[in-house]
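To start, the structure under review is shown below, and the notes come after it.
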Amino acid sequence: MKKKDTNTVPNKNVEKMMKNISVRKELPEHVYILHLILYVVGNVVVNSVANSSKVFFFAQKPLPISSFAGVFSSIGNLCIISLVILFRKKGFITSLILLLLQFPLILMSILKSQTLASVSGMFTNVLTLIAIIAIYLNNVKIEKYQQKVREQAVTDMLTGLPNRFACTEFVSDLVAKKSRFAVVSVDLNNFKSINDTMGHDTGNKVLSEIAERWKNASETGISGTADLIFRQGGDEFAIVIQGYKNEADIIRSIRFYETVLEKRLTVDDCDFFLSASFGFAEYPADADNVDMLFTYADAAMCECKSISNGEHILHFSPEFLKTERSIEIEHKIRAALENNTIFYYLQPQYDISHKLRGFEALARLRDSEGAQISPGEFIPVAEKVGLIDKVDLTVFRDSAQFISKLIGETGADITLSVNVSVRHLMKNGFIDEIKDIINKTGIPAQQLEIEITESIMIDSAEKAIRCINDIKEIGIKIAIDDFGTGYSSLSYLNKFPADLLKIDKSFIDKMNTSDSSKKYVAAIISIGHIMNFDVISEGVEEPEQLETLRSIGCDYIQGYIWGRPMPPEEAEKIVMEAFGK
Ligand code: C2E
Ligand code: CA
Ligand code: CA
């Protein structure tokens, strides 16, 4: 891949950057004026000292004041040289003018005095002139070199965009100026697959092409805001947006870059359709320092990647930040999936007369010391980082294998309930995964039940109903988990092709504390029955709760009172006792 020559490609992004990142800052104007004053004073004193016939005594020896003329003349020359060194072109021009002006003055002095005493001054002047020209030319050479080094330090060699270093410097500068801006973290989606399938050479060309599009787009200014694009490395870019009024303006600008990116891109005779995830954080509203701004924009971008609702642009929100604990848990889940150490417990479910109905399979994870990590802690992490599908499937497959074998051995009429996250259920291919498990484990579909939380009815009712109908077609039962905790309306419930309502533990907990709480649970059971659902109460711990539930017509019970979640071997004993021959 031919590298872009940044010296020949005019790149406004880099040019803007260079203006912002100057290795050498201009000295203040007053230093320049001070030099001029010193020069003028030096020259005035030289003239009056040179023409003075006064003498003063030093160590009892006579010292003519005129002998100090050389000292003041040197001060003048020093000012001239230091102007060239400190103020480069401007200093050089000033010095040149001052020196050239001196020649007629010296000439006049020679003519006036009719002696050649001032000729030495003329020589000094010529020498100073040569010196400042030499210094200036050398300076120009050094500056050119510095400029090149600086340009390379702030430019990404592949794309010609300003690089990560430039981005950090630029953002630091804006923070120092306290100007309002947004940092957008951009990561291409599935770029790795281009590298993997087409090779790095093609990958590089794709990156260059994207950079070119964005560069051109930002330079036209049609996004409506002042934007600068940076390549952060790999398939990561950053956009710094300024000159916007509100969040809608930022999003509009980002959408503009998104549209530019999503147009067909042809490289090496192959068409690519790319997309990216954009996360942004604003200064000073979200964060007031450089590190936090980048961290927050990255967190929003990662959040974008982890959600599956098709949104590609997100504004930072504190909940996107992963805590250290959740990163640790994510590692543990990944390791457990790799080493096949995610396991499950079975919690028995009974009908109200204490006859075994079946078991709910509950995922379990142990840390390296052997202590269990609560599902309340690791399931939400698995959902957030997109590992829940794998966890669900592992539990589903292993528990189905076990229960299928048990059913085969005992002929037990029991149901296995498995939890499936909403995200997983909506995925294309979910039905095939279930069919595959049924085929491989041989578990009868009629003895399987899938538990879905009530939230599915609120978030994505229509699509969910289609998925659930597909599941039911195979013969699998559907339970609505944690019922009562969401805000699902009766009309949705009516449309929902479920078989079982699971009343959430929180209602069972307070059921016996007031008459109204008890009536509430009774009402849920009645509604469930009217809609032809069976009703199970979860988290039943006390005999009084059991009595109440029996009196208000609850069909099934799941809770510590009759059985905690237990290892499969213990569940096997319960099945043997109930159905063993
Ligand atoms: P859930 O589906 O509502 O599961 C019932 C939870 O209540 C289980 O907690 C169970 O141990 C607990 N429980 C049952 N009876 C009692 C009781 O009488 N008293 C008390 N105090 N607790 C009781 P667990 O196993 O900690 O699971 C927590 C949640 O994690 C589950 O709530 C479920 O939402 C999720 N989960 C567990 N396994 C899986 C899985 O394989 N896939 C998915 N997607 N989620 C899972
Ligand atoms: Ca459940
Ligand atoms: Ca539940």
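All ligand and atom numbering here is 1-based and tracks the order in the structure.
Of the possible polar contacts, none joining the Ser185 side chain to the Met301 backbone as a donor-acceptor pair under 3.5 Å is found. Formation of a donor-acceptor pair under 3.5 Å by the Gln545 side chain with backbone atoms of Glu542 is found in this model. Proximity of a side-chain donor or acceptor of Lys510 to a complementary backbone N or O of Ser517 within less than 3.5 Å is not detected. Of the possible donor and acceptor atoms, none in the side chain of Asn419 sits under 3.5 Å from a partner among the backbone N and O of Glu451. Side-chain atoms of Arg180 come within 3.5 Å of backbone N or O of Lys245 as a donor-acceptor pair. With hydrogens and angles disregarded, no donor-acceptor distance shorter than 3.5 Å links the side chain of Asn190 to the backbone of Ser193.
Listing protein N, O or S atoms at distances below 3.0 Å from the Ca ion (ligand 2), with waters left out, gives Glu360 OE2, Asn419 OD1, Glu451 OE1, Asp481 OD2.
The side chain to side chain donor-acceptor pair (under 3.5 Å) with Tyr345 is formed by just one residue from the set Gln372, Glu360, Arg364; it is Gln372.
Ring geometry for Phe237 versus Trp214: interplanar angle over 60°, hence perpendicular rather than tilted (30 to 60°).
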What are the distances between nitrogen or oxygen atoms of ligand 1 and protein nitrogen or oxygen atoms, counting only those under 3.5 Å?
| residue | atom | partner | partner atom | Å |
| --- | --- | --- | --- | --- |
| ligand 1 | 2 (O) | Glu360 | OE2 | 3.1 |
| ligand 1 | 2 (O) | Asn419 | OD1 | 3.2 |
| ligand 1 | 2 (O) | Asp481 | OD2 | 3.0 |
| ligand 1 | 3 (O) | Asp482 | OD1 | 3.3 |
| ligand 1 | 3 (O) | Glu538 | OE2 | 3.1 |
| ligand 1 | 15 (N) | Gln347 | NE2 | 2.9 |
| ligand 1 | 18 (O) | Tyr560 | N | 2.8 |
| ligand 1 | 19 (N) | Glu541 | OE2 | 2.5 |
| ligand 1 | 21 (N) | Glu541 | OE2 | 3.1 |
| ligand 1 | 22 (N) | Tyr560 | OH | 3.4 |
| ligand 1 | 25 (O) | Arg364 | NH1 | 2.9 |
| ligand 1 | 25 (O) | Arg364 | NH2 | 2.9 |
| ligand 1 | 38 (N) | Ala363 | N | 2.9 |
| ligand 1 | 42 (N) | Asp392 | OD1 | 2.6 |
| ligand 1 | 44 (N) | Asp392 | OD1 | 2.8 |

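A salt bridge does not link Lys355 to Asp351: none of the charged nitrogens lies less than 4.0 Å from a carboxylate oxygen.
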